[in-house]
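These notes are about the structure you will find just below.
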Amino acid sequence: MDAVRVALLREVLAGTEWPTATRRFAGVLRSCVVPHGGGLLLVGTEEFEPWHLAAHLADESAWSGLPELVPTLVRHRVEPGGPAHLAVGLGRIETAGRGETLLLVAPERPGAGLLERVHDARRAGATVLSLNDGDPEVLGLAHEALTVTGADDVDLDTVQHLVSAAAGENSAPAPRGRRGGFRDRLSRLADQLTAPPPARW
């Protein structure tokens with residue numbers, strides 16, 4: 001369903017800045033992580049955890065043959081005894097450095113503690129990208145930012161879908177049998193609709 005939804009979103013948004021802006025941002029994201037073999041950290045604010053974007057990037061990674069797109073989801077609260085991929089806390093940002101990319105998704109102003117960690121990661125050499133609401137401090141920390149203010153009835157959820165889809169689509173052509181075209185994707189989507197939901201996210 002996601003591929004169909006993305007196609008419809010792009011059709012609805014044709015004539016606005018969003019198809020181009022999200023493809024540009026996705027291209028920057030891809031150019032940051034692919035040459036370094038990955039190292040993508042994904043973090044939200046205390047009130048907003050971007051697990052949906054993490055799942056979409058993991059899917060796009062598999063479909064496009066770009067394992068570098070799989071993010072490490074960094075969480076403000078880690079539940080004891082949880083699965084390893086959901087057990088990475090904010091301390092991980094403190095160890096981020098050169099060759100790693102930190103994607104901050106902030107629909108509202110992040111807390112001072114997170115901003116300080118992001119600043120330290122940037123100073124240590126990490127590349128900082130952000131999907132945000134236009135907060136000046138977040139914009140000042142990001143090497144590349146995409147601001148979502150709700151204009152044109154475009155919300156953060158829509159932008160996350162467009163960015164994650166473009167991150168995979170803008171890669172080199174996949175080998176035969178891997179995301180070969182729109183018909184192949186529709187076929188896979190039909191299979192997914194009849195399969196039980198994955199337990200990963």
Side-chain angles (χ1 to χ4, degrees), residues 2 6 21-46 48-78 82-107 110 113-132 138-148 156-172 174 178-179 198 200-201:
D2 288 330
V6 168
T22 52
R23 281 190 168 108
R24 177 190 53 77
F25 187 85
V28 173
L29 171 62
R30 195 179 57 257
S31 69
C32 289
V33 299
V34 171
H36 292 101
L40 175 59
L41 305 176
L42 177 62
V43 66
T45 64
E46 191 168 358
F48 178 84
E49 185 169 79
W51 63 267
H52 199 183
L53 179 56
H56 281 305
L57 285 170
D59 286 344
E60 291 298 330
S61 167
W63 289 333
S64 65
L66 290 175
E68 301 88 354
L69 288 177
V70 177
T72 296
L73 180 62
V74 179
R75 311 184 71 197
H76 288 258
R77 292 173 294 278
V78 175
H85 69 283
L86 296 178
V88 179
L90 291 176
R92 177 63 182 87
I93 298 176
E94 297 170 7
T95 66
R98 193 168 303 281
E100 294 184 292
T101 300
L102 176 60
L103 174 53
L104 170 62
V105 183
L114 176 58
L115 287 173
E116 183 177 347
R117 285 181 169 95
V118 173
H119 179 267
D120 290 345
R122 174 176 171 139
R123 193 166 51 188
T127 300
V128 178
L129 308 180
S130 178
L131 297 175
N132 61 82
V138 173
L139 291 174
L141 285 173
H143 292 94
E144 187 74 28
L146 186 57
T147 298
V148 185
L156 185 61
D157 185 57
T158 298
V159 170
Q160 289 180 98
H161 275 88
L162 294 174
V163 166
S164 59
E169 288 173 352
N170 292 339
S171 63
R178 282 175 172 248
R179 194 182 179 145
R200 178 174 170 83
W201 302 102

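Keep in mind the model is a prediction, meaning the values are calculated, not measured.
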- Message: For T147, give me all partners under side-chain contact (heavy atoms from CB on, under 4.5 Å), at least two apart in sequence or on another chain.
- Response: N132, L139, T149
- Task: Test side-chain contact (heavy atoms from CB on, under 4.5 Å) on R23 and V163 and set out the steps.
- Result: CA-CA 6 Å; R23 281 190 168 108; V163 166; over 6 Å; no
- Counterpart residues, salt bridge (charged side-chain N to carboxylate O under 4.0 Å, His left out), relative to E68 (two or more places apart): none
- Message: By the salt bridge (Lys or Arg N to Asp or Glu O under 4.0 Å) test, which pairs, at least two apart or in different chains, include something from residues 87-96?
- Response: R92-E100, E94-R117
- Please list, chain by chain and in numerical order, all residues satisfying salt bridge (charged side-chain N to carboxylate O under 4.0 Å, His left out) with E116, sequence neighbours excluded. none
- Closest non-hydrogen atoms of P67 and S61, given as atom of the first, atom of the second and distance, are CA-OG, 3.2 Å
- Message: Determine whether a donor-acceptor pair (N or O, by modelled atom type, separation under 3.5 Å) exists between the side chain of R75 and the backbone of A87.
- Response: no
- Starting at CD of Q160, measure out to CG of L103 and round the result to the nearest 0.5 Å. 8.5 Å
- Task: Only counting residues at least two apart or in another chain, list the ones meeting side-chain contact (heavy atoms from CB on, under 4.5 Å) with L141.
- Result: L115, V118, H119
- Query: Measuring from L57:CG to R30:CZ, what's the distance to the nearest 0.5 Å?
  - Reply: 12.0 Å
- Query: Heavy-atom distance under 4.5 Å between the side chains of P110 and V138, does that happen here?
  - Reply: yes
- Minimum-distance pair of heavy atoms, taken over all atoms of V159 and T22: CG1-CG2, 4.1 Å
- Note on the structure: Paired with P50, the side-chain contact (heavy atoms from CB on, under 4.5 Å) test is passed by just one of T45, L73, L156, namely L73
- Query: Where do V148 and T158 land on the side-chain contact (heavy atoms from CB on, under 4.5 Å) test, with the steps shown first?
  - Reply: CA-CA 10 Å; V148 185; T158 298; over 6 Å; no
- Note on the structure: Tightest non-hydrogen contact, residues F25 and E144, listed as CE1-O, 3.8 Å
- Task: For R77, enumerate each residue passing the salt bridge (charged side-chain N to carboxylate O under 4.0 Å, His left out) test, keeping only those at least two apart in sequence or located in another chain.
- Result: E46
- Task: Mind checking the NE2-CH2 spacing from H56 to W51? Nearest 0.5 Å is all I need.
- Result: 8.0 Å
- Which atoms form the tightest heavy-atom contact between L102 and A121, and what is the distance? CD2-CB, 4.4 Å
- Is the closest side-chain heavy-atom distance between R98 and H36 below 4.5 Å? no
- Here the pair of heavy atoms bringing E60 nearest to S164 is CG-O, 3.0 Å
- Contact summary for A167 and L69, nearest pair of heavy atoms: O-CD1, 3.8 Å
- Task: Find out whether L66 and V33 are in side-chain contact, i.e. whether some heavy atom of one side chain is under 4.5 Å from a heavy atom of the other.
- Result: no
- Message: Any heavy-atom pair between the side chains of L129 and L104 that's under 4.5 Å?
- Response: no
- Derivation and outcome, side-chain contact (heavy atoms from CB on, under 4.5 Å), residues L40 and T72: CA-CA 6 Å; L40 175 59; T72 296; over 6 Å; no
- Considering only heavy atoms from C-beta outward, does the side chain of R24 approach that of L146 to under 4.5 Å? yes
- Message: If I take atom CG from residue L114 and atom NE2 from residue H76, how far apart are they, to the nearest 0.5 angstrom?
- Response: 5.0 Å
- Message: Could you check whether any side-chain heavy atom of V78 comes within less than 4.5 Å of a side-chain heavy atom of L86, counting everything from C-beta outward?
- Response: no
